[in-house]
S.K.: 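Shown below is the structure under consideration.
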Amino acid sequence: MVAALLLTLGSAAPSATAERPGPDALQRDFAAAAAEYSVPESVLLAVSYLQSRWDGHGGAPSVTGGYGPMHLTDARAALADAPHHSHEGEDPRGDTARPVPAPRVAADLPDLSALPARLRTLERAAALTGLPAERLRTSPGANIRGGAALLADAQRELGQQPSADPADWYGAVARFSGADDTATARTYADDVYDVIRSGPSRVTDSGQRVALAADAGVRPDTATAAGLGLRTVDAGLTECPRSVACEWIPAPYEEFGEGDYGNHDKAQRPGSQSVDYIVIHDTEASWDTTLQLVQNPEYVSWQYSLRSSDGHVAQHLRLADVGWHAGNWFVNAKSIGLEHEGFLVNPDAWYTEAMYRTSARLVRYLAQRYDIPLDRQHIIGHDNVPGTVPSTIPGMHTDPGPYWDWAHYFTLLGRPFVPTAGPGAAVVTVRPDYESHRPTYTSCAKPGDACAPHGSGAVRLHTAPDASAPLVKDAGLRPDGAGSTDGVNDTGARASTGQQYAVAERRGDWTAIWYLGQKAWFHNPRSEPTAVGARAAVLTPREGLAEVPVYGRAYPEPSAYPAGVPVQAVTPLPYRLLAGQRYVAGERTPGEYYYATTFDTSGHTVVRGQEVYYEIQFGHRVAFVKAADVRVLHP
């Protein structure tokens with residue numbers, strides 16, 4: 001099985017017999033490789049930073065099969081055969097008014113012999129250096145030598161001479177990206193030179209100290225990229241910032257007969273409805289498979305796909321239209337979906353800095369365009385989208401999962417998670433240290449088996465201030481009353497970086513938050529906090545109410561529906577928000593329902609009611625409560 005091959009490769013690690021390097025060994029490796037291949041050290045360091053932030057990931061591959069600090073790619077690790085939108089359980093459209101049949105998907109896995117050069121750079125590096133492929137995968141020093149050799153080879157192929165001036169390597173850097181189009185290659189090179197100008201420094205995942213001296217005056221010779229010979233992308237109807245290389249690959253809008261159609265709905269947003277959310281997904285598929293799926297008229301759709309190796313963006317829908325991606329029609333109708341090439345259950349598989357940066361620039365652009373706040377109540381993961389009714393909760397998807405680095409992502413967005421109140425605040429923002437916070441997860445390869453240790457932005461929640469206490473229960477996820485588990489896809493007892501919760505109690509090194517109608521405890525020592533103080537409005541049941549219902553969608557009251565539009569039930573979820581409990585208040589939104597069940601758009605209608613709702617951070621997923629049922633307490 002291809003999935004088994006992925007997981008086998010994901011566990012690859014350097015030899016246990018290798019000597020532990022000193023804390024400056026990696027810096028010396030960069031200097032030595034730069035000298036050996038006559039590549040400016042700043043260029044080599046900046047390219048590596050854009051690929052991996054100089055991390056080695058224990059010899060494990062990225063989501064596109066890239067190894068080591070230089071992200072040298074091996075095609076064997078770049079495949080998966082389980083695209084997540086085809087998983088059983090979740091209807092990606094999330095609207096019972098127009099049931100979507102089970103996807104009839106025929107996406108072909110890529111042919112290994114025909115994979116593009118960008119997925120086979122390790123093979124080329126082996127030929128240039130004479131080093132064995134296994135050593136290039138597992139030895140950071142060898143990997144850096146391989147990257148330097150590739151850069152020098154790209155410089156030669158472009159007819160350029162070796163040069164000590166970083167400005168002369170723009171074309172070689174663009175070629176190194178592996179992009180197959182000019183715009184993406186140049187965007188990648190621009191990012192590398194931004195890194196050189198900014199001069200980052202950090203301690204890597206293996207404890208290595210690496211620094212790049214800032215060169216604010218470097219001005220690359222962009223003319224050196226003239227001979228790349230790459231294709232020109234069809235920008236078409238793309239809606240992207242200028243700093244992002246974007247290609248138009250449309251999702252089909254087709255009618256099948258007997259009232260059936262796919263794979264999205266036409267709309268006129270934001271005139272018809274406001275866009276309030278950006279939903280972060282991972283694809284659980286390779287890039288080529290992802291593009292096949294979104295172009296399948298019988299499948300589902302989202303607005304953008306992002307390639308991991310170089311950050312290339314493909315747009316599939318006009319932003320005015322509604323994609324079928326989040327499993328909740330209310331969220332779909334008011335959101336934009338971004339699919340990132342990646343695999344949640346291969347925990348060693350990591351995302352490149354190039355993709356994180358491109359995604360952040362795209363999200364900043366979208367947030368500014370639609371006035372979307374840059375916080376975790378509006379920039380949410382697919383795993384934060386609520387089920388629509390009790391029966392849909394167990395099937396809701398869990399990507400991008402506990403290994404997505406929300407802290408780094410929001411730093412790139414320009415909104416890092418910082419304390420906004422003291423350590424005794426009534427609200428906390430979850431913020432563990434991603435690199436050092438490594439909770440044990442299971443069921444990555446096989447049910448119950450421990451996943452490989454990996455940095456995580458999620459904290460685990462217990463019923464008491466004790467690591468041996470049971471995890472809190474999720475009554476919607478497990479209606480039979482069973483407890484939560486440490487499974488990588490189990491969101492029942494999990495709080496994620498950037499999410500905010502009201503504090504219920506503190507005892508020593510433990511903090512309790514209100515979560516799914518109960519107290520949930522997590523380890524939060526002052527010496528190494530996993531959450532920081534925050535100021536935020538909270539809400540609680542209004543006076544006289546012992547409890548209030550919680551909803552997965554904010555639909556209008558029955559009297560708001562015009563003739564011919566079926567009333568959509570406002571069904572409570574199987575949770576209780578009890579008197580005395582408090583939850584952080586998010587978006588205040590009127591009840592809305594977008595009625596769109598036919599290919600002919602003439603009958604599409606936005607129903608708006610008088611009922612007003614608040615979004616709340618209720619568990620790992622958000623939820624909605626009626627404004628009439630609660631009172632809001634401002635800090």
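This chain uses plain numbering: 1 for the first residue, then up along the sequence.
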S.K.: How about CZ on Arg535, more than 12 heavy atoms from neighbouring residues, nucleotides or ligands closer than 6.0 Å, or not?
M.R.: no

S.K.: Will you find, in the side chains of His620 and Thr491, an N or O donor that is under 3.5 Å from an N or O acceptor?
M.R.: no

S.K.: Atom CZ in Arg553, atom CD in Gln568: separation rounded to 0.5 Å?
M.R.: 6.5 Å

S.K.: Honestly, is Arg93 close enough over Trp329, meaning NZ or CZ under 6.0 Å from the six-membered ring centre and within 45° of the axis?
M.R.: yes

S.K.: Whether Arg318 and Glu239 form a salt bridge (side-chain N of Lys/Arg under 4.0 Å from carboxylate O of Asp/Glu) is what I want to check.
M.R.: no

S.K.: If you round to the nearest 0.5 Å, how far is CD of Gln617 from OH of Tyr583?
M.R.: 11.0 Å

S.K.: Do His316 and Tyr304 pass the ring-ring contact (aromatic ring centres under 6.0 Å, His included) test, and can you show the C-alpha distance, the side-chain angles, and the key distance before you say yes or no?
M.R.: CA-CA 6 Å; His316 312 298; Tyr304 299 94; 8.0 Å; no

S.K.: Please report whether the ring centroid of Phe417 lies less than 6.0 Å from that of Phe410.
M.R.: yes

S.K.: Hydrogens and angles aside, do Asp310 and Thr184 bring a side-chain donor and acceptor to less than 3.5 Å of each other?
M.R.: no

S.K.: Run the side chain to side chain donor-acceptor pair (under 3.5 Å) check on Asp600 and Thr598 step by step: do they pass?
M.R.: CA-CA 5 Å; Asp600 180 1; Thr598 59; 5.9 Å; no

S.K.: Can a side-chain donor-acceptor contact be found between His382 and Asp399 if the only test is distance below 3.5 angstrom?
M.R.: yes

S.K.: Is the backbone of Gly94 close enough, under 3.5 Å, to the side chain of Thr388 for a donor and an acceptor to pair up by distance?
M.R.: no

S.K.: Indicate the atoms forming the closest heavy-atom contact of Tyr261 with Thr597, along with that distance.
M.R.: CE2-O, 3.5 Å

S.K.: Is the shortest side-chain N to carboxylate O distance from Arg621 to Asp474 below 4.0 Å?
M.R.: no

S.K.: Scan Leu291, Thr238, Val233, Asp234 and name whichever one has a side chain to side chain contact (heavy atoms under 4.5 Å, CB included) with Ile249.
M.R.: Leu291

S.K.: Are Tyr351 and Trp404 close enough that their ring centers fall under 6.0 Å?
M.R.: yes

S.K.: Taking the six-membered ring for Trp, are the ring centroids of Tyr515 and Phe618 within less than 6.0 Å of each other?
M.R.: no

S.K.: Step through it carefully: locate the ring centre of His264, locate the ring centre of Tyr253, and say whether they are under 6.0 Å apart.
M.R.: yes

S.K.: Quick check: are there more than 12 heavy atoms from other residues, nucleotides or ligands sitting under 6.0 Å from CZ of Arg460?
M.R.: yes

S.K.: Using distance alone, with no hydrogens and no angle criterion, decide if Gln273 and Glu592 have a side-chain donor and acceptor under 3.5 Å apart.
M.R.: yes

S.K.: Are His325 and His281, when compared by the centres of their aromatic rings, separated by less than 6.0 Å?
M.R.: yes

S.K.: I need the Phe330 CZ to Tyr613 OH distance, nearest 0.5 Å.
M.R.: 8.5 Å

S.K.: Cationic tip of Arg307 within the cone over Trp287's six-membered ring, i.e. under 6.0 Å and within 45° of the normal?
M.R.: yes

S.K.: Taking the side chain from Ser274 and the backbone from Pro270, do they hold a donor-acceptor pair closer than 3.5 Å?
M.R.: no

S.K.: Going by side chain to side chain contact (heavy atoms under 4.5 Å, CB included), Tyr370 matches just one of Asp276, Leu319, Ile278. Which one?
M.R.: Leu319

S.K.: Flag the pair Glu615 and Arg588 as a salt bridge only when some basic side-chain nitrogen lies within less than 4.0 angstrom of an acidic carboxylate oxygen.
M.R.: no

S.K.: Taking the ring centre of each residue, are Tyr595 and His604 less than 6.0 Å apart?
M.R.: no

